[in-house]
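In this text, all values refer to a predicted model and were calculated from it rather than measured experimentally. Counting from 1, the numbers follow the sequence of the chain as shown. Only this structure's heavy atoms are used, side chains among them; waters, hydrogens and symmetry mates stay out.
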Amino acid sequence: MYESIGVPGDKLARSLQREHLLSAEYLATGSTEARSLLDDQRRLTDDDRQEFRRSSSTSQAQNAMSPPMKARYNDAVAAADELDDLRQDVNGRRIDLVTLGQRYAWLPTAMIALINSMTLSNNVELYQQSRSLTSIGLAEDHMTREFALASGLLLVHSRWEEPERRAFTQLAAKREFLFEQGMTELEPDLRAPFEKLIVSDAYRQFQRMEARIVSGTIGPDLTHAAWRQVSLDVDKVFRAAIDNGGVALASRGEPVAIATFVRAGVAGILGLAAVVLSLFVSLRAAGALSRELGGLRSAAQQLAEVRLPRVVERLRRGEKVDVALEAPELEPPGTTAEVRDVAHAFSAVQHTAVDAAVDQARLRESVGQALRNLARRSQGLLQRQLKLLDAMQRQTEDSTALEDLFRLDHLTTRMRRHAEGLIVLSGGSPGRTHRNPVAVAETLQGAVAEVEDYPRVRVYPMPEVSVKGSTVTDLIHLFAELIENATAYSPPHTEVSVRGEAVAKGFAVEIEDRGLGMSAEDIDAINRRLASPPEFSLADTERLGLIVVGRLATRHGVRVQLRPSPFGGTTAIVLIPAAVLAPEAVLEGAGA
């Protein structure tokens with residue numbers, strides 16, 4: 001059965017590992033040469049896949065499988081069938097290197113589990129040695145995934161992003177853990193080939209390169225060519241060591257099998273009882289291990305889906321978080337050493353993630369504080385400049401100088417609005433307030449005065465409705481940003497119309513331009529940002545005015561929505577809620 005299933009399955013897994021490496025290089029470059037090499041390897045992989053299906057589907061091979069072995073075989077066949085979909089994603093370059101490694105690992109992992117299920121033995125010693133070799137085989141598979149991930153990135157000298165570095169670090173840690181676990185329980189004659197591997201120049205060179213990638217100290221000397229050569233050398237030596245260990249284990253198993261056969265012939269009833277007892281013990285042990293793994297899986301899911309997102313969300317809201325209280329260590333659900341090690345690893349990942357989130361929250365708060373301080377200094381200077389300009393305007397009788405002073409006053413007003421926008425983005429409040437309510441019409445006129453192309457804006461007559469003085473400054477800023485966008489994205493000879501009317505839930509203002517308009521997808525995206533403004537990021541500087549509008553609208557419960565205009569442009573509808581409107585108007589100028 002091993003000849004008809006194990007041998008072709010192992011050959012298929014090795015071919016797939018080589019295809020994984022070439023796929024990563026093709027994703028990185030997209031070159032014709034890389035695609036040609038990948039196509040050649042795919043043909044070899046397809047030949048091996050066809051041979052595996054042909055050899056394993058015979059009645060002799062199928063009848064020899066036990067139910068657990070049959071389940072492992074079905075998993076391997078399903079993973080082989082998924083290969084065609086994966087190739088389509090690679091051809092279209094619609095998959096990243098991290099996901100590529102995860103999907104290419106399905107078949108080798110399933111194949112190793114299938115081959116391992118075929119090596120179960122009633123001899124505890126042989127089973128222990130076989131399990132150790134399987135662990136080392138899994139380590140070799142993780143190493144080939146390291147080769148592919150790093151090769152794809154080094155090929156184009158790409159900067160390693162956090163998901164890629166984390167994936168490489170996890171692969172390296174798992175490889176080392178599996179290898180050390182397998183070596184610990186191997187007997188000297190089976191361990192010898194791997195001890196030679198450890199001290200080989202190729203393996204040591206690989207470990208040095210791996211450590212540099214994990215620590216982030218990738219220098220110009222760590223090139224794709226150097227990594228590729230080390231990968232080939234280490235894989236060759238590693239595979240030879242695994243093959244030698246397998247041959248040694250097989251030769252050790254032959255006399256044990258003969259002795260077992262003789263004993264079974266002499267004492268069949270006792271042998272049958274021993275087999276039944278061993279199966280019972282194995283099932284008990286497997287059940288206990290399954291329960292421990294189930295408990296660990298539940299704890300890990302609770303960590304990934306509930307606890308960590310909750311902590312990160314609290315940090316984003318600016319709340320103080322006690323890391324020790326919010327991210328306690330996972331309690332290992334059992335006594336198995338491997339399960340406890342995995343639980344401790346999850347705890348380490350949890351603490352690292354929470355610490356990183358705390359550091360980012362502190363950084364955001366520090367950046368916001370710095371921006372607020374700078375903006376408030378600019379705001380104060382601009383306010384003083386406006387007062388000085390106002391005094392100069394009253395004292396000047398020269399019409400030409402007065403016109404220049406008016407233009408300078410308008411420019412300073414716009415600069416003040418931009419400074420206040422920076423304060424809003426960093427989480428602060430502009431600081432300017434009005435004591436008394438102000439009419440909506442005057443509020444809109446104040447907003448128009450802060451727009452560069454204000455002569456094009458026409459504010460139509462509207463009902464005498466006022467807004468509370470505490471909201472006037474923010475509403476002027478909100479309307480100014482929307483009117484500024486309307487003038488910027490419409491032809492210079494067209495009018496920007498501003499209308500207002502009382503509605504059931506408050507007062508609605510429509511700002512309409514006659515530009516080229518936007519697509520339905522862009523309008524939907526902007527409306528989502530206005531309804532739920534994202535956190536300010538220094539890396540995202542597009543349409544900052546809309547983020548300011550969203551922040552100001554959220555602060556006062558104002559609803560802002562964009563819609564297509566009948567004239568082909570865009571209409572911004574602002575609904576001022578009744579809670580913001582003044583019950584009795586005690587009016588003052590909007591430009592105070």
Side-chain angles (χ1 to χ4, degrees), residues 317 417 420-421 423-425 427-451 454 457-486 496-513 523-534 543 545-566 569-592:
R317 293 197 302 265
R417 174 166 61 86
E420 292 177 350
I423 294 175
V424 173
L425 289 173
S429 177
R432 293 189 299 125
T433 59
H434 289 69
R435 293 185 303 276
N436 299 322
V438 177
V440 175
E442 294 188 28
T443 302
L444 290 169
Q445 292 291 352
V448 172
E450 296 187 0
V451 175
Y454 65 90
V457 184
R458 181 178 178 184
V459 180
Y460 285 83
M462 58 189 67
E464 288 291 333
V465 177
S466 304
V467 293
K468 294 179 179 178
S470 59
T471 65
V472 171
T473 301
D474 287 346
L475 288 179
I476 290 176
H477 197 150
L478 183 149
F479 286 126
E481 294 289 352
L482 293 174
I483 296 172
E484 184 86 73
N485 277 350
V496 174
S497 305
V498 181
R499 295 179 173 85
E501 61 178 326
V503 293
K505 294 185 178 181
F507 194 86
V509 177
E510 294 185 1
I511 302 171
E512 181 181 63
D513 65 58
I523 290 180
D524 289 341
I526 293 175
N527 284 334
R528 287 194 296 270
R529 291 167 68 94
L530 290 173
S532 180
R543 292 176 172 169
L546 292 178
I547 300 179
V548 172
V549 169
R551 292 280 185 90
L552 294 174
T554 302
R555 180 179 298 173
H556 299 291
V558 176
R559 291 180 55 189
V560 182
Q561 191 173 42
L562 302 187
R563 293 180 182 176
S565 168
T570 304
T571 300
I573 301 175
V574 181
L575 177 60
I576 305 174
V580 177
L581 300 177
E584 296 181 0
V586 182
L587 305 181
E588 70 171 4

Distance alone, cut at 3.5 Å: any donor-acceptor contact between the side chains of Glu510 and Thr571? no
In terms of heavy-atom contacts, Val448 and Tyr454 come closest through O-CB, 3.3 Å
Are any of the side-chain heavy atoms of Leu552 and Val558 separated by less than 4.5 Å? no
Looking at CD1 of Ile573 and CD of Glu512, how far apart are the two atoms once the value is rounded to the nearest 0.5 Å? 9.5 Å
So CD1 of Ile511 and CG of Leu482: to nearest 0.5 Å the spacing works out to 4.5 Å
For Glu450 versus Glu484, what's the shortest heavy-atom pair and its separation? O-OE1, 4.1 Å
In terms of heavy-atom contacts, Ala508 and Val503 come closest through CB-CG1, 4.0 Å
Check whether any side-chain heavy atom of Thr473 sits under 4.5 Å from a side-chain heavy atom of His477, and report yes or no. no
Thr554 versus Ala531, closest heavy-atom pair with distance: OG1-O, 4.5 Å
Do you know which two heavy atoms are closest between His556 and Ser470, and how far apart they sit? CE1-O, 4.5 Å
Note: Phe507 and Gly500 closest approach over all heavy atoms is CZ-C, 3.6 Å
Side-chain touch Leu475/Val438, heavy atoms, less than 4.5 angstrom: no
Quick one: pull up CD1 in Ile576 and CG in Leu478 and give me the separation to the nearest 0.5 Å. 8.5 Å
Got Gln561 and Leu530 here, is their nearest side-chain heavy-atom distance under 4.5 Å? no
Would you say Met462 and Leu444 make side-chain contact, with heavy atoms under 4.5 Å? yes
Could you tell me the separation between the CZ atom of Arg563 and the CG atom of Asn527, rounded to the nearest 0.5 Å? 9.0 Å
Taking Thr570's backbone N and O only, do any of them form a donor-acceptor pair with Asp513's side chain (distance below 3.5 Å, no angle check)? yes
Say you draw a straight line from NZ of Lys468 to CG of Leu581; how long is it, rounded to the nearest 0.5 Å? 8.5 Å
Are more than 12 heavy atoms, taken from residues, nucleotides or ligands other than Arg559, located less than 6.0 Å from that residue's CZ atom? no
